[in-house]
**Student:** 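This is the structure I want to talk about, given as structure tokens.
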Amino acid sequence: MRRSRYLLPTLRETPKEAEIVSHRLMLRAGMVRQSAAGIYVWLPLGYRVMNKIAQIVREEQDRAGSQEFLMPTIQPAELWKRSGRYDGYGPEMLRIQDRQERDLLYGPTNEEVITDLFASSVRSYRDLPKLLYHIQWKFRDELRPRFGVMRGREFLMKDNYSFDVSAEAARHSYNKMFVSYLRTFARLGLRAIPMEADTGPIGGDMSHEFIILARTGESQVWCDRRFLDVDVLSLAVNYDNADEVAALVRRFTKDYARTDEKHDAAKFAADVPEDRRYEGRGIEVGHIFHFGTKYSEPLNARVRLADGGDVAVHMGSYGIGVSRLVGAIIEASHDDRGIIWPEAVAPFAVGLLNLKVGDSACDALAERAYAELARAKLDTLYDDRDERAGTKFSDLDLTGLPWRMVVSPRGVARGLVELRRRDSEDAQELSLDEAIEKVRASVADAANVAEAGA
RNA sequence: CGGGGCGUAGCGCAGUCUGGCAGCGCGUCUGCUUUGGGAGCAGAAGGUCAUCGGUUCAAAUCCGGUCGCCCCGACCA
């Protein structure tokens, strides 16, 4: 993409509404614009990142045996009246009426719709288990939206729903999602720690929040530092082997990790040696939950059993805040110059700068670099604007692309470009071929890591 | 929903107290010079001062209503 043609309105100054760093940087880097309180326009750069995140989420959901489909944003109130939540959900739910004065709502979540779908389309225990997910916009009319896309009213969420014939089978589904979440966040360049969460009326140990550690997080968290040392992507997992998946879950639940909701200072002190105690802030990026027959009973989602009887299916739901992750990744990965994208979610792999537009040698080399980067299938944002070097450097640092390739009079006579990583101070002068190969290898490594263990 | 604050050019702000030509910086456009970390000079464009009403010879400024946005708290993917 040529920068001169791209809609990328970077700002030198921060709009005054932005308080936390991810919000400031997303506005300054031209990723989002606020449309109303907690509602955002996603500009091309921000939308690319969100789509990259969604794609990784999608791949890991599929890998764990889930199927993607799509439910509507607008739901009939009638379903919610049947589940008993229509009155219970409160003013957070946006209620609307159509021209016939039928009661509708903009979905804050989708248990009702999918349970109803399941009830009308699945009849037999032989069809179970099922894991179904979609990535869809939600609306929750929060009292006070804040922190940019981290707590918007409208947000993009992946929600998965599992259906099993028994509580024991449901645990396998839960465990699959648990492991797939570990892999998903690791691939996004995040270290997400599963923490015990409130389970509601069901009880038991079947609810976890996935929290990433970040200074600006909203929750106070306590955990064992051993969580920080595990290389999740190197762990092999066969999702069909219930024992193997359960063993992995045990490995990630045996050490202490709790938010302020469940923190027990005495237990923390007793269980975790002093040198392994971590206390800090965290951001919730995922939540998994088993809720048994809470919706299948009222919405009549039952299956026939082998012995001729029938049973309400056991369900769980599993959420990842996709749009929130865009902000969360920035909270975890930035410096005073701007965003530092992990390679896996970067909107472009390379920022190509021509520092002397109008100089025929520089123009020629930059154009050749742009063409060859495209041939190597490396997403490139080519800054071909007739701007000063400082402007281009600052803009590129702000937008956080992982690799910077500079064409300038310094190296052009020898056919050299300068290559530098966003997270490093070291630059190298290389031939164009060498530079492209280096970036290509780095991107390929990231992809290989993603495949490891799967 | 309780408390506090703010709406003036694309962004950041001054002007409001004490009514009297709507301003500054950045950005944008044109020209010249410059060219490795947000350049210099010269010129230009850009405004329903959130909105509705009131007071006044005169309102960004005073008074009242409404809308929007932000922050703190309680609440939440």
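Chain naming here is simple, since letters A, B, ... match the order of the sequence lines and numbering starts at 1 in each. Everything numeric in this text was worked out from a predicted model, so none of it was measured. No hydrogens, no waters, no symmetry mates; every other heavy atom, side chains included, goes into these values.
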**Student:** Sequence neighbours excluded and cut-off under 3.5 Å, please list the side-chain donor-acceptor pairs for residues 22-31 of chain A, or say none.
**Tutor:**
unit_1 : atom_1 : unit_2 : atom_2 : d
A:S22  : OG     : A:E331 : OE2    : 2.7
A:H23  : NE2    : A:Y40  : OH     : 3.4
A:R24  : NH1    : A:E19  : O      : 2.6
A:R28  : NE     : A:L11  : O      : 3.0

**Student:** Give me, pair by pair, the N or O atoms of the protein and of nucleotides 40-42 of chain B that are less than 3.5 Å apart, along with how far apart they are.
**Tutor:**
none

**Student:** Testing A:Y370, A:Y6, A:W341 one by one against A:F348 for a ring-ring contact (aromatic ring centres under 6.0 Å, His included), which residue passes?
**Tutor:**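 Of the listed residues A:Y370, A:Y6, A:W341, the ring-ring contact (aromatic ring centres under 6.0 Å, His included) partner of A:F348 is A:Y6.
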**Student:** Base of B:G38, side chain of A:E387 - is there a donor-acceptor contact under 3.5 Å?
**Tutor:**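 By the distance-only test, no, there is no pair.
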**Student:** Of the options B:G36, B:G37, B:C71, whose atoms approach the side-chain atoms of A:D397 most closely?
**Tutor:**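 Out of B:G36, B:G37, B:C71, the nucleotide with an atom closest to A:D397's side chain is B:G37.
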**Student:** What nitrogen or oxygen pairs link the protein and nucleotides 74-77 of chain B at under 3.5 Å?
**Tutor:**
unit_1 : atom_1 : unit_2 : atom_2 : d
B:C75  : N4     : A:R146 : NH2    : 2.7
B:C76  : O2'    : A:E142 : OE2    : 3.2
B:C76  : O2     : A:R151 : NE     : 2.7
B:C76  : O2     : A:R151 : NH2    : 3.4
B:C76  : N3     : A:R151 : NH1    : 3.2
B:C76  : N3     : A:R151 : NH2    : 3.1
B:A77  : O5'    : A:R140 : NH1    : 3.4
B:A77  : O4'    : A:R140 : NH1    : 3.1
B:A77  : O3'    : A:E284 : OE2    : 2.8
B:A77  : O2'    : A:R324 : NH1    : 2.9
B:A77  : N6     : A:G152 : N      : 3.1
B:A77  : N6     : A:G152 : O      : 2.2

**Student:** Provide a list of protein-nucleic acid N or O atom pairs under 3.5 angstrom, restricted to nucleotides 11-15 of chain B.
**Tutor:**
unit_1 : atom_1 : unit_2 : atom_2 : d
B:C11  : O2     : A:E13  : OE1    : 3.3
B:G12  : OP1    : A:K16  : N      : 2.8

**Student:** Taking only the side-chain heavy atoms of A:F393 (C-beta and beyond), determine which of B:C70, B:G37, B:C26 contains the nearest atom.
**Tutor:**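 Selected nucleotide: B:G37.
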**Student:** Which pairs would a plain distance check flag for residues 401-416 of chain A, meaning a side-chain donor or acceptor within less than 3.5 Å of a matching protein atom at least two apart in sequence or in another chain?
**Tutor:**
unit_1 : atom_1 : unit_2 : atom_2 : d
A:W403 : NE1    : A:E343 : OE2    : 3.0
A:R404 : NH2    : A:E418 : OE1    : 3.2
A:S408 : OG     : A:R410 : N      : 3.2
A:R414 : NH2    : A:R410 : O      : 3.4
A:R414 : NH2    : A:E429 : OE1    : 3.3

**Student:** Let me spell it out: for each of A:Q34 and A:T391, pick the nucleotide of RNA chain B with the closest heavy atom. Which residue's pick is nearer the 5' end?
**Tutor:**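 Closest to the 5' end, via its nearest nucleotide, is A:T391.
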**Student:** Name all pairs fulfilling the side-chain hydrogen bond (donor to acceptor under 3.5 Å, both in side chains) condition that reach into residues 41-53 of chain A, sequence neighbours left out, sorted by first residue then second.
**Tutor:**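 Found A:R48-A:D379.
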**Student:** Is the distance from OP1 or OP2 of B:G36 to the nearest side-chain N or O of A:R410 less than 4.0 Å?
**Tutor:**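 No, because none of the side-chain N or O atoms of A:R410 sits under 4.0 Å from OP1 or OP2 of B:G36.
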